[in-house]
There are 2 protein chains.
Amino acid sequence: MALRHAVLAALLDEELSGYQLAKAFDLGVANFWHALPQQLYAELAKLEKEGLVAGREVVQDTRPNKRLFTVTEAGLAELDRFAATANKPSFIRDDLFVKVQAADHVDVDELIAQLTERAAIAEAKIELWGGLLRQMRGDRSEEEFLRHGERIGPYLTCLRGLAFEQGNLDWCRRSAAILRERRAAHAPR
Amino acid sequence: MALRHAVLAALLDEELSGYQLAKAFDLGVANFWHALPQQLYAELAKLEKEGLVAGREVVQDTRPNKRLFTVTEAGLAELDRFAATANKPSFIRDDLFVKVQAADHVDVDELIAQLTERAAIAEAKIELWGGLLRQMRGDRSEEEFLRHGERIGPYLTCLRGLAFEQGNLDWCRRSAAILRERRAAHAPR
DNA sequence: TCATGATACTCAATAAAATGACTAATCAGA
DNA sequence: TCTGATTAGTCATTTTATTGAGTATCATGA
């Protein structure tokens, strides 16, 4: 009963179709929530049945028709209610971290390769978030935008996402470097 | 089929009971994986049946008896195999981030309170990880330990956890400050 | 023209995780 | 001496999430 709130939060600023929502969950929302398209379609259907979102059919010539969803008053109330409840323990789940935890027992070359790959992914995300942030604040400076901008919620979560990926990048590079050094020290020549 | 690897990784350095494992998953392992005790007991039973871990009964006078588990050769092989596979998309899930995403539509005072609370939690974790890291490296410097220490896997993941909490702390403080400023600007006097 | 990929979904089956309720002993403190 | 916390688990049910397979149309590029 918590995916629903992530969906509501994602729909606050834009009217989206299930398909677009799935894209959003692959990009920005992925910073703090993860869900597959099937879950989102199912959740949207439930939310609509409960009157927390409203869908409207949009007929398209060139593309299959779609249904765009907006948050209703009841949806907003539900979000506000949620905002006042206690947070469930936050959670991270990452295969790569598990592998690093086992670093002393698994193939180090493989691990270094994966850390390097992840570093590249992190770099790409950093550019992506950077662009998104620039786009959101337009021609204002960050300080100006945060002080007086209209919708700062998505901006703040995006900032967290950016910092998180920066953290990943630093850590992956450092860890890879350390493992390379140790490998060199153990099997020289 | 992935919790199993987190369990194996957690058992590499110590022989643990299900109960102790659950504790570990609440502390250190929580940096990269999250699971409830019931899941862990179930997973340990499966792993034992498959021969990836071995349990031994320990009779205790003062406490209920317990079963301690160690990773077997087959378990190590499985971990190594896992380390060479592609990573599933990593994921974060955090109620607080959802609430911040909806910052412009929910009760700001409540949000500020929760950000402040989370900042305090982050501070506590930072101290905890700091202590754990000191304990792992003993009297060596970090550089020295990372170069020549025996088991650096847990140290590296702990470093990531520390940086993550530091990121949370900074972000919570900054976000709370921004929201306070905006609140003051909108409803002065 | 023919394959590919994007848009826009749906359905069914299985696997994994969360919730809630229990047992049973010991210990520390009011 | 009673209460609550800690150790050490188990069991059953429900809720979520994942996997895999389909449907259909249109646009793009080789």
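Just so it is clear: chains get the letters A, B, ... in the order the sequence lines come, proteins before strands, and each one is counted from 1.
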For this session: Grab the CD-P distance between E43(A) and dC9(C) for me, whole Å please.
Result: 16 Å
For this session: Map Q38(A) and T62(A) onto DNA chain D by nearest heavy atom, then report which one ends up closer to the 5' terminus.
Result: Q38(A)
Exercise. Are H34(B) and dA17(C) close enough that a side-chain N or O sits under 4.0 Å from OP1 or OP2?
Worked result: no
For this session: Round to the nearest Å and state the distance from E57(B) atom CD to dT7(D) atom C1'.
Result: 14 Å
Exercise. Between atom CZ in R67(A) and atom P in dT10(C), what is the gap in whole Å?
Worked result: 9 Å
Seminar exercise, completed: By nearest-nucleotide position on DNA chain D, the 5'-leaning member of R63(B) and F69(B) is R63(B)
Exercise. With side chains defined as the heavy atoms from C-beta onward, is the minimum distance between Q166(B) and I126(B) less than 4.5 Å?
Worked result: yes
Exercise. Between dA16(C) atom C1' and L40(B) atom CG, what is the distance in whole Å?
Worked result: 13 Å
Exercise. Looking at the rings of W171(B) and F97(B), which for Trp means the six-membered one, are their centres under 6.0 Å apart?
Worked result: yes
Exercise. How long is the line joining OH of Y19(A) and P of dT25(D), in whole Å?
Worked result: 17 Å
Exercise. Which class fits the ring pair F91(B) and H34(A): parallel under 30°, tilted 30 to 60°, perpendicular over 60°?
Worked result: parallel
Exercise. What does R4(B) touch in the nucleic acid at a heavy-atom separation under 4.0 angstrom: a base, only the sugar-phosphate, or nothing?
Worked result: nothing
For this session: Using the closest heavy atom to pick a nucleotide of DNA chain C for each, name whichever of F91(A) or Q20(A) lands nearer the 5' end.
Result: Q20(A)
Problem set entry | Whole angstrom value for the distance that separates P of dT7(C) from CG of D61(A) | 18 Å
For this session: Send over the distance from Y41(B) OH to dT23(C) P, rounded to a whole Å.
Result: 17 Å
For this session: Please determine which of R180(A), R183(A), Q114(A) meets the side chain to side chain contact (heavy atoms under 4.5 Å, CB included) test together with D109(A).
Result: R183(A)
Problem set entry | Test: D94(A) and K88(B) ion pair at under 4.0 Å | no
Exercise. With respect to the phosphate group of dA8(C), does any side-chain polar atom (N or O) of K23(A) fall under 4.0 Å of OP1 or OP2?
Worked result: no
For this session: Check every atom of dT7(D), dT10(D), dT19(C) against the side chain of L36(B) and return the nucleotide holding the closest atom.
Result: dT19(C)
Problem set entry | Rounded distance in Å - CD (Q39(B)) to C1' (dC11(D)) | 15 Å
Exercise. Can you tell me if the side-chain N/O atoms of K66(B) get under 4.0 Å from OP1 or OP2 in dT26(C)?
Worked result: no
